[in-house]
Protein chains: 2
Amino acid sequence: MAATRAPRLTTKGQATRRRIVEGAAEEIRERGIAGTTLDDIRARTATSKSQIFHYFPGGKEELLLAVAAREAERVLEDQEPHLSNLDTWSAWQSWRDAVVARYERQGINCPLGMLITELGRATPAAQALTSQLIGQWQAALRTGIQRLQDTGEVDPQLDADRTAAALVAAVQGGVTILMSTGRLNHLEAALDTSLTFLRTAAPNVG
Amino acid sequence: MAATRAPRLTTKGQATRRRIVEGAAEEIRERGIAGTTLDDIRARTATSKSQIFHYFPGGKEELLLAVAAREAERVLEDQEPHLSNLDTWSAWQSWRDAVVARYERQGINCPLGMLITELGRATPAAQALTSQLIGQWQAALRTGIQRLQDTGEVDPQLDADRTAAALVAAVQGGVTILMSTGRLNHLEAALDTSLTFLRTAAPNVG
DNA sequence: GCTAAAATGGACCAGCAAGTCCATAAACTG
DNA sequence: CAGTTTATGGACTTGCTGGTCCATTTTAGC
């Protein structure tokens, strides 16, 4: 509400704005949010102070929010095309591998997580952002589970939404632990155990 | 290595030191790590600047590390006596309830998580701290699973350690989501699904 | 091309917070 | 009780960082 009395952006302006967001994201990924100053971003993106405030009148907070939004997009993007096509067990397996690979690559840095812990308490907007991300993620997984139920691979009695919620939590936890300790095995264990659970919940068992 | 050329502490000194750590922990729980200054802590604990640096020669970082260590202890303490006595299904259920209650009470604030995201990248010490916490947690859960295997309630084929790892990740993820969105249901779903999985992995099924 | 709006450069400011210093008061030790 | 170590008070410094301001250049539309 308060922020962004948006001036109309020219092509050049859009490019610059984008450059700032991307540069800020990179900087945060490398140095962490606490270690990132507007001046670092300014230097990295070859812009001036006034440009930052021109495109983000709300100052640092608004910029960080934009970065968070961008990173949230990336989280889901990076799981495609698997996440939207969880029709078969092998598709699920591919998704699992993609998730592991993605976070293995990213390593210690979870820019989104940082942004959330930093912004979450201050900005309701950040909280809304996270909720939305988790909602979308969970919905995609739920759809996948329902597909398996439709094709009779999984017990239709199973609460797909709740199971999807558990799955999201499991992945999230694995990632958090990866971030804090550098170990990947919790994420793998979480994913594999969850998938085993799904496989176990076959209709012939119930 | 570098820090803490510890002077011998008198009784009074120990008390003051403790007071600072506790006060800092409270402040961080309320205001978040970014919003907590040494001066806030000083005011809250009725101490002077020089006292903080007297007891924590390494400055803010050393103090934060001490707070993180304290919070890590608390995490496990708060799960007792359940965590150490996971012998029966009902014990597991009590533990589940204790975890949910603990984090419901704590709400949005995960001081430990904040400290980790903030310190983790900078200090290897913080990373070691987290690894240790997770290790202990996982070990306790593993022991509980093994008990169930011993009493024949769970398939002995199940990899107890890996399952425990998945459980820790699930809880951690649920907590992270609670922190970022304020919703408790992911934590509950994660716990319940995990317990259902354990129950499903009964010897008669495999 | 002319004018208004947008984009850019960069000096400058103000506040804050970590950390330093030294002086003083208590507390152990023998 | 004397001397040394530890505890405490609090003023002061210093560097940084977010944010402001205004002058200048570029772009868009007619």
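Any value given below was found using the heavy atoms of this structure, including those in side chains, with hydrogens, waters and symmetry copies removed.
- Between Gln14(B) atom CD and dT6(D) atom C1' the separation is 13 Å, expressed in whole Å.
- Under a 3.5 Å cut-off, the side chain of Gln149(A) and the backbone N or O of Asp155(A) do form a donor-acceptor pair.
- At dT8(D), one or more side-chain N or O atoms of Thr16(B) fall inside 4.0 Å of OP1 or OP2 (strictly under the cut-off).
- Rounded to 10 degrees, the angle separating the terminal axes of the helix from dG1(C)-dC30(D) to dG30(C)-dC1(D) is 30°, with each axis obtained from five end pairs.
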Side-chain donor-acceptor contacts of residues 139-148 of chain A below 3.5 Å, not counting sequence neighbours, with atom names and distances?
residue   : atom : partner   : partner atom : Å
Arg142(A) : NH1  : Asp161(A) : OD1          : 3.0
Thr143(A) : OG1  : Ala139(A) : O            : 2.9
Arg147(A) : NH1  : Asp87(A)  : OD1          : 2.3

N/O donor to acceptor pairs below 3.5 angstrom from side-chain atoms of residues 123-134 of chain A, sequence neighbours left out:
residue   : atom : partner   : partner atom : Å
Thr123(A) : OG1  : Leu119(A) : O            : 3.4
Gln127(A) : NE2  : Thr181(B) : O            : 3.3
Thr130(A) : OG1  : Ala126(A) : O            : 2.8
Ser131(A) : OG   : Gln127(A) : O            : 3.1
Gln132(A) : NE2  : Gln136(A) : OE1          : 3.1

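- By the side chain to side chain donor-acceptor pair (under 3.5 Å) test, Arg162(B) pairs with Asp192(A), sequence neighbours left out.
- By the side chain to side chain contact (heavy atoms under 4.5 Å, CB included) test, Thr10(A) is found to be paired with Lys12(A), residues two or more places apart in sequence or in another chain being considered.
- Dashed line: the shortest gap from a side-chain N or O of Gln51(A) to OP1 or OP2 of dT8(C) is under 4.0 Å.
- Partners of Thr88(A) by side chain to side chain contact (heavy atoms under 4.5 Å, CB included), not counting sequence neighbours, listed by chain and number: Ser90(A), Ala91(A).
- Thr45(A) pairs by the side chain to side chain donor-acceptor pair (under 3.5 Å) definition with Thr47(A), not counting sequence neighbours.
- dA7(D) atom P lies 15 Å from atom CD1 of Ile52(B), rounded to whole Å.
- Looking at residues two or more places apart in sequence or on another chain, you find no side chain to side chain donor-acceptor pair (under 3.5 Å) involving Arg18(B).
- Taking atom CD1 of Ile33(A) as the reference point, atom C1' of dG18(D) lies 14 Å away to the nearest angstrom.
- In this entry the distance linking CZ of Arg17(B) with C1' of dT6(D) reads 15 Å, nearest Å.
- In this structure Arg31(A) satisfies the salt bridge (Lys or Arg N to Asp or Glu O under 4.0 Å) test together with Glu27(A), sequence neighbours excluded.
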Can you give one letter per nucleotide of nucleotides 25-30 of chain D, going 5' to 3': B for a protein heavy atom under 4.0 Å from the base, S for sugar-phosphate only, - for none?
-SSS--

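- In this structure, His54(A) atom NE2 and dT24(D) atom C1' are separated by 14 Å, rounded to whole Å.
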Going 5' to 3' through nucleotides 13-24 of chain C, assign each nucleotide B (protein heavy atom under 4.0 Å from a base atom), S (under 4.0 Å only from sugar-phosphate atoms) or - (no protein heavy atom that close).
----SBBBB---

Apply side chain to side chain donor-acceptor pair (under 3.5 Å) to the pair Gln138(B) and His186(A), showing each step before the final yes or no.
CA-CA 10 Å; Gln138(B) 183 175 339; His186(A) 282 79; 2.7 Å; yes

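- Shown here are the side chain to side chain donor-acceptor pair (under 3.5 Å) partners of Glu26(A), two or more places apart in sequence or in another chain: Arg44(A).
- Taking only side-chain nitrogens and oxygens, Tyr55(B) comes nearer than 4.0 Å to OP1 or OP2 of dT8(D).
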